[in-house]
S.K.: 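Next up is a structure, given as structure tokens.
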Amino acid sequence: QVQLVESGGGLVQAGGSLRLSCVASGRTFYVMGWFRQAPGKEREFVAAISWSGGRTFYADYADSVKGRFTISRDNAKNTVYLQMNSLKPEDTAVYYCAAGRARGLRIDDYDYWGQGTQVTVSS
């Protein structure tokens, strides 16, 4: 049974940093990513990282987080990380970990989802 479990959310002041983690159990996925959903808004893509073997990884980022967020993964631990720096109040949202079989930026590209972790950035 596949499970994705996020951790690392919390409350931080603007300009601060947080690191989210997501552990996947059951199997290793080609692509793992992060989405977020703010109150009253649709869930949106944040970042994703794909791995096709060896030491080659491909990372994709939403324009709103480029240069501030970094996604990485440790396949030995089946874990994906999201390092978030220079956080802004508009980054406040529930962050969801997702896993799938193909590289993509859409919700439909992912087959499995975590329960979400709250990130709140105060001004």
S.K.: What is the distance from atom OG1 of Thr120 to atom CG of Asp91, rounded to the nearest 0.5 Å?
M.R.: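 Here the interatomic distance stands at 11.0 Å.
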S.K.: With Phe45, which residues qualify under ring-ring contact (aromatic ring centres under 6.0 Å, His included), at least two apart?
M.R.: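 Expected list: Phe35.
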S.K.: Considering all heavy atoms of both residues, which atom of Ala59 and which atom of Arg103 are nearest to each other, and what is their separation?
M.R.: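 Scanning both residues, the minimum pair turns out to be O-NH2, 4.3 Å.
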S.K.: Where do Val65 and Val46 come nearest, in terms of heavy atoms and distance?
M.R.: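 Looking at all heavy atoms of both residues, the closest pair is CG2-O, 3.6 Å.
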S.K.: Do Glu6 and Val94 make a side-chain contact, defined as non-hydrogen atoms from C-beta onward lying under 4.5 Å apart?
M.R.: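 Glu6 does not reach Val94 side chain to side chain.
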S.K.: So, Asp63 and Lys66, do they make that salt bridge, N to O below 4.0 Å?
M.R.: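 Salt bridge between Asp63 and Lys66, a charged N being under 4.0 Å from a carboxylate O: yes.
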S.K.: Specify the closest pair of heavy atoms between Val23 and Lys77, including all atoms of both residues, with the distance to one decimal.
M.R.: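 Smallest interatomic distance, heavy atoms only, reads CG1-O, 4.2 Å.
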S.K.: Which pair of non-hydrogen atoms, one from Arg68 and one from Ser86, has the smallest distance, and what is that distance?
M.R.: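 Heavy atoms of Arg68 and Ser86 come nearest at NH1-O, 3.0 Å.
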S.K.: Report the distance from atom OG of Ser50 to atom CG of Asp60, rounding to the nearest 0.5 Å.
M.R.: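 Going from OG on Ser50 over to CG on Asp60, the span is 6.0 Å.
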S.K.: Should the heavy atoms of other residues, nucleotides or ligands under 6.0 Å from OH of Tyr30 be counted, would the total exceed 12?
M.R.: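 Enclosed: over 12 neighbouring heavy atoms sit under 6.0 Å from OH of Tyr30.
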S.K.: Is there a path of hydrophobic side-chain contacts, each under 4.5 Å between heavy atoms of I, L, V, M, F, W or Y residues, that connects Leu105 with Val80?
M.R.: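 They do not share one cluster, since no chain of ILVMFWY contacts under 4.5 Å joins Leu105 to Val80.
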S.K.: For residues Gly33 and Ile71, report the shortest heavy-atom separation together with the two atoms involved.
M.R.: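 For Gly33 versus Ile71, the nearest heavy atoms are CA-CD1, 4.3 Å.
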S.K.: What's the separation between atom CG in Asn78 and atom CD in Gln3, rounded to the nearest 0.5 Å?
M.R.: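 With rounding to 0.5 Å, CG (Asn78) is 12.5 Å from CD (Gln3).
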S.K.: Counting C-beta onward and ignoring hydrogens, is there a side-chain heavy-atom pair between Val119 and Met84 closer than 4.5 Å?
M.R.: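 Yes. Closest side-chain heavy atoms under 4.5 Å.
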S.K.: Decide yes or no for Arg27 and Val2: does some side-chain heavy atom of the first lie under 4.5 Å from some side-chain heavy atom of the second?
M.R.: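 The answer is yes, as the side chains (C-beta and beyond) meet within the 4.5 Å cut-off.
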S.K.: Please examine the side chains of Thr92 and Gln118, heavy atoms only from C-beta on, and report whether any two atoms are closer than 4.5 Å.
M.R.: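 When only atoms from C-beta onward are counted, Thr92 and Gln118 do touch, with a gap below 4.5 Å.
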S.K.: For Tyr95, which residues count as a side chain to side chain donor-acceptor pair (under 3.5 Å) partner, sequence neighbours excluded?
M.R.: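 Side chain to side chain donor-acceptor pair (under 3.5 Å) list for Tyr95, sorted by chain: Arg36.
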S.K.: Taking the side chain as C-beta and beyond, is there a heavy-atom pair between Phe57 and Ser72 under 4.5 Å?
M.R.: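 Answer no - side chains too far apart.
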S.K.: Taking atom CH2 of Trp113 and atom CD1 of Ile107, what is their separation to the nearest 0.5 Å?
M.R.: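 Output value for this atom pair is 5.0 Å.
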S.K.: If you take all heavy atoms of Ser123 and Pro89, which pair is closest and at what distance?
M.R.: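 Taking every non-hydrogen atom into account, CB-CG, 3.9 Å.
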S.K.: Does the side chain of Phe69 reach to within under 4.5 Å of the side chain of Trp34, using non-hydrogen atoms?
M.R.: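 Heavy-atom side-chain distance check fails, nothing below 4.5 Å.
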S.K.: Check whether any side-chain heavy atom of Val31 sits under 4.5 Å from a side-chain heavy atom of Tyr110, and report yes or no.
M.R.: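 Answer yes - side chains close enough.
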S.K.: Does any non-hydrogen side-chain atom of Tyr61 lie less than 4.5 Å from one of Thr70?
M.R.: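 In short, these two side chains touch, coming nearer than 4.5 Å.
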S.K.: Report, one line per pair, each donor and acceptor closer than 3.5 Å where one atom sits in a side chain of residues 9-21; sequence neighbours left out.
M.R.:
unit_1, atom_1, unit_2, atom_2, d
Ser17, OG, Asn85, OD1, 2.9

S.K.: At what distance, to the nearest 0.5 angstrom, does OH of Tyr96 lie from CD of Glu44?
M.R.: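 With rounding to 0.5 Å, OH (Tyr96) is 12.5 Å from CD (Glu44).
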